[in-house]
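Notes to accompany the following structure.
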Amino acid sequence: MARGACFYLVSSAPYFVGAIGLVNSLRLHGHDEPIFALDCGLSRVQAEALGAEATVVPAPPGREPYTLKAVLPLERPADVMVLLDTDMIVTRRLDPLLAEAAAGRIVAFRNNSDRFVPEWAELLGLDALRRRPYVCSGLVAAARSPGEEVLGAIEEGQGRIDYDRSYFGHHDASYPLLYADQDILNAALAGLCDDEQVVALDARLAPMIPFEGVELIDVATLRCAYADGTEPYLLHHSLSPKPWQHPAYEGVYARLLRRLLTGDDVAIRLPEEEIPRWLRAGALPAAERLAVKARQQLRWRLGGSP
């Protein structure tokens with residue numbers, strides 16, 4: 001078991017660029033804790049690049065990446081285990097979250113929905129559930145106890161999810177485990193943890209796209225803030241396509257991702273061919289970004305969707 005805190009992420013080839021942005025954002029803020037990355041199909045070049053800052057571990061065969069979030073922290077636990085989605089950028093140090101977890105708690109951010117499904121208890125073999133704020137599974141910071149019990153429930157529960165009915169399949173709104181591992185996380189927190197062991201932070205501290213009200217204060221330091229001065233811990237580009245998968249309007253997340261891929265001070269410097277064309281430095285990529293912006297603004301003026 002590792003002493004102190006460790007970070008854990010899952011990455012495949014389509015999510016590699018996001019993983020690099022995430023790791024570079026952690027290192028830019030001075031987080032030098034060990035990082036573990038589960039390799040779900042990275043190329044050799046990608047695995048070597050990520051391996052410059054993370055311990056890259058092959059994923060178990062035959063499973064989709066979105067079912068594997070709990071594998072690494074269970075195999076390689078730490079005093080404090082921080083699970084992160086690869087479509088996140090950390091915008092300030094996470095020390096307050098690590099301190100809460102080190103005190104024996106599980107920390108996550110509230111989701112914008114208030115979801116509670118009593119059937120979780122029977123489906124997952126849990127005792128009576130205590131209703132709690134519904135949290136996002138994108139970042140979970142947990143002490144080894146009770147974290148391992150909750151993570152064990154998430155891993156065991158994968159076999160109970162009908163993914164065809166879930167968010168990843170046909171999105172059956174009546175399905176109790178619609179949001180898969182996120183529903184299991186919330187069920188486990190409701191059924192396995194005491195009130196004082198769960199910390200549900202304000203959703204504004206981990207905003208999701210479209211990052212409403214969030215302004216970019218300083219690209220160099222990744223600093224963002226709302227008009228009232230509140231500074232989020234991270235940005236979560238929860239929707240697809242991701243900015244590295246398709247040219248998109250350059251909002252706050254995309255601007256920071258480009259800085260984290262092309263900056264001279266980042267921990268992992270990628271070869272240019274590994275960076276999507278529209279995220280590279282130089283005049284031609286900048287012109288492409290301006291063209292995308294112009295098209296999007298025209299759509300908005302005509303009443304279309306972003």
Side-chain angles (χ1 to χ4, degrees), residues 5-10 36 38 63-75 77-78 80-88 94 97-98 100-101 104-163 165-169 171 173 175-203 205-206 208 233-234 236 238:
C6 291
F7 295 100
Y8 304 85
L9 59 95
V10 176
F36 293 95
L38 197 65
R63 289 175 59 179
E64 295 293 337
Y66 52 77
T67 72
L68 296 169
K69 184 174 290 188
V71 168
L72 268 181
L74 287 171
E75 288 184 355
V80 171
M81 300 172 285
V82 186
L83 287 63
L84 290 159
D85 280 358
T86 52
D87 53 4
M88 291 179 158
L94 303 176
L97 282 62
L98 304 184
E100 285 279 11
R105 302 183 180 95
I106 297 177
V107 184
F109 296 94
R110 291 176 185 248
N111 190 273
N112 289 326
S113 65
D114 183 23
R115 179 172 168 81
F116 179 78
V117 183
E119 292 92 330
W120 287 339
E122 183 177 354
L123 282 171
L124 301 172
L126 298 169
D127 293 331
L129 306 181
R130 307 170 184 86
R131 181 157 190 161
R132 305 189 190 284
Y134 189 77
V135 298
C136 176
S137 62
L139 180 149
V140 178
R144 187 172 184 185
S145 177
E148 282 188 314
E149 187 176 13
V150 170
L151 292 171
I154 293 173
E155 174 64 9
E156 192 276 334
Q158 298 302 320
R160 306 188 185 207
I161 299 172
D162 181 349
Y163 278 98
R165 296 180 65 192
S166 79
Y167 171 84
F168 298 100
H171 205 287
Y175 183 46
L177 297 176
L178 175 63
Y179 296 108
D181 67 294
Q182 184 164 281
D183 277 347
I184 296 178
L185 166 65
N186 282 274
L189 295 177
L192 300 175
C193 298
D194 296 330
D195 291 344
E196 63 274 11
Q197 292 177 311
V198 180
V199 178
L201 298 174
D202 189 342
L205 296 175
M208 298 184 185
Y233 286 102
L234 55 90
H236 188 182
S238 53

Under the 3.5 angstrom rule, does the side chain of [X] hit a backbone N or O of [Y] as a donor-acceptor pair?
X	Y	answer
Arg110	Pro133	no
Lys69	Ile154	no
Glu149	Pro146	no
Asn111	Ser113	yes
Tyr66	Ala180	no

Check [X] against [Y] and note the closest heavy-atom contact, atom names and distance.
X	Y	result
Arg115	Tyr134	O-CD1, 3.3 Å
Val107	Ala101	CG2-N, 4.0 Å
Thr67	Glu155	O-OE1, 4.1 Å
Ala142	Ile106	CB-CG1, 3.8 Å
Arg130	Cys193	NH1-O, 3.1 Å
Leu129	Pro118	CD1-O, 4.2 Å

#### Entry: Glu196 atom CD: more than 12 heavy-atom contacts under 6.0 Å
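Counting neighbours around CD of Glu196, more than 12 heavy atoms of other residues, nucleotides or ligands fall under 6.0 Å, so yes.
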### Query
Can you tell me if CG on Asn112 sees more than 12 non-hydrogen neighbours from other groups inside 6.0 Å?
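No, not enclosed.
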### Pair Cys6-Met81, side-chain contact (heavy atoms from CB on, under 4.5 Å): steps then yes or no
CA-CA 5 Å; Cys6 291; Met81 300 172 285; 5.9 Å; no
### Query
Mind checking whether His171 and Leu178 have side chains closer than 4.5 Å, heavy atoms only?
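Yes - at least one pair of side-chain heavy atoms lies under 4.5 Å apart.
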### Task
Using a 4.5 Å cut-off on heavy atoms from C-beta on, say whether the side chain of Ile184 contacts that of Ile161.
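A side-chain contact under 4.5 Å exists here.
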[atom1]-[atom2] distance between [X] and [Y], expressed to the nearest 0.5 angstrom:
X	Y	atom1	atom2	result
Asn186	Arg131	CG	CZ	11.0 Å
Leu83	Ser137	CG	OG	9.0 Å
Leu84	Leu94	CG	CG	7.0 Å
Leu38	Glu75	CG	CD	7.5 Å
Asp183	Phe116	CG	CZ	11.5 Å
Leu9	Met88	CG	CE	11.5 Å

### Task
Evaluate the ring planes of Tyr8 and Phe36, with Trp represented by its six-membered ring, and classify them as parallel (under 30°), tilted (30 to 60°) or perpendicular (over 60°).
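Taking Phe36 first and then Tyr8, their aromatic rings lie parallel (interplane angle under 30°).
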### Query
When the ring planes of Tyr167 and Tyr179 are compared, do they come out parallel, tilted or perpendicular, using 30° and 60° as the limits?
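Tyr167 vs Tyr179 ring planes: tilted.
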### Verdict with supporting geometry, Leu177 and Asp162, side-chain contact (heavy atoms from CB on, under 4.5 Å)
CA-CA 8 Å; Leu177 297 176; Asp162 181 349; over 6 Å; no
### Task
Could you tell me whether Glu119 and Arg160 have a side-chain N and a carboxylate O separated by less than 4.0 Å?
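Between Arg160 and Glu119 there is no salt bridge, as every charged N stays at least 4.0 Å from the carboxylate O atoms.
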### Task
Could you check Asp181 against Gln158 for side-chain contact (heavy atoms from CB on, under 4.5 Å), going step by step and ending with a plain yes or no?
CA-CA 7 Å; Asp181 67 294; Gln158 298 302 320; 3.9 Å; yes
### Task
Any chance you could lay out the side-chain contact (heavy atoms from CB on, under 4.5 Å) test for Val117 and Leu123, step after step, and finish with the verdict?
CA-CA 10 Å; Val117 183; Leu123 282 171; over 6 Å; no
